[in-house]
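Down below is the structure, laid out as structure tokens.
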Amino acid sequence: MKSFASSSDLADKAQTLEILGDGVYALTAQGDPNVGAIEGEDFVVCFEAMATPVAASAWLQRLREHTAKPVRYLVLSHYHAVRVLGASAFGAQVIVAHDNTRALIAERGSQDWESELGRMPRLFSDPSSIPGLTWPTATFSDRLTIALGGDRGDLVLAYCGRGHTEGDIVAWLPGSKILFAGDLVEAQAALYTGDAFHRDWAAGTLDAVAALGAEALVGGRGAVAHGREAVDAAIAQTREFLATMLAEVGAVHSAGGTLRDAFGAAHAALAPRYGRWPIFEHCMPFNVSRLWDELSGVGRPRIWTAERDRQVWDQLQD
Ligand SMILES: [Zn+2]
């Protein structure tokens, strides 16, 4: 029997800080959640907050080797605990997210915290340092532009439609064509779709991401995609993962099969290409469970609790 989710993944990952352009930083970590930062003329915008303030402090220490400017904005791409619960370490004036992200934190933030802590304990360095749920202080529905000052141009925060969650946003630098895509795009890491809208994500939402025309892309996990070809490949890989799940789970669903059958079919179809990528085994039971619901007409993802996580895992991943 496989150990639950990522609970036995306890070896530290190497973090790599990349400078993508003048004052544009990405920290990747071999498939752990990525974070980033964009310098304004006299402030910094940080993208994603990590799982705990202690984890975030280590990232900020590295960033401080490059800039001493204060963090004015902390941008949260979506509500997931490993992306938001480190927020207090940034001392940001403004915490920005999508309207739906704020609503999701209110609706299910506590359950998600407990669920993700159980699934990915290694990411929660010193969980007692988390002061509570993270509340965005500025939200928007479509687009929010931050003027970076000087000749640095704008940072555009944009909603591309429902995808990985109901409230994902991307951070886009039109001047340098660098995109922070959050979990809407993964580069050589498996997708987590347990809170997703698969059909929207695979179609219009990824179309909107692709239409930006990025020349460097920082996905939610995995290496930075450098150059148009690598960006297109990351988006295509994300789309193919979703399309394969839709085809396999959809076929079993419409033939009157069971959730277990659907899990077996989707796993078998995806494993040759994606099976060795980070968090593949961890994600698949939750992914198939949500897609099964979506195809059964369950409009919004059901709330994951620590207890439901274990039930679904025990039902499918043995
Ligand atoms: Zn996520």
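When a ligand or atom number is given, it counts from 1 through the structure's own listing order. Just so we're clear, the structure is a prediction, and the values are computed from it rather than from any experiment.
With the Zn ion (ligand 1) as the vertex, atom NE2 of His78 and atom NE2 of His164 span an angle of 100° (nearest 10 degrees).
Distances from the Zn ion (ligand 1) to the N/O/S atoms of Asp183 are shortest for OD2. The name of the N, O or S atom in His80 nearest to the Zn ion (ligand 1) is ND1.
Of the possible polar contacts, one joining the Arg290 side chain to the Ala196 backbone as a donor-acceptor pair under 3.5 Å is found.
For the pair Arg119 and Trp304, the distance from NZ or CZ to the six-membered ring centre is under 6.0 Å and the angle to the ring normal is within 45 degrees.
For Phe4 and His282, the ring centers are positioned 6.0 Å apart or more.
Between Tyr25 and His66, the two ring planes are tilted [angle within 30° to 60°].
The Zn ion (ligand 1) has no N, O or S atom of Asp195 under 2.8 Å away, backbone or side chain.
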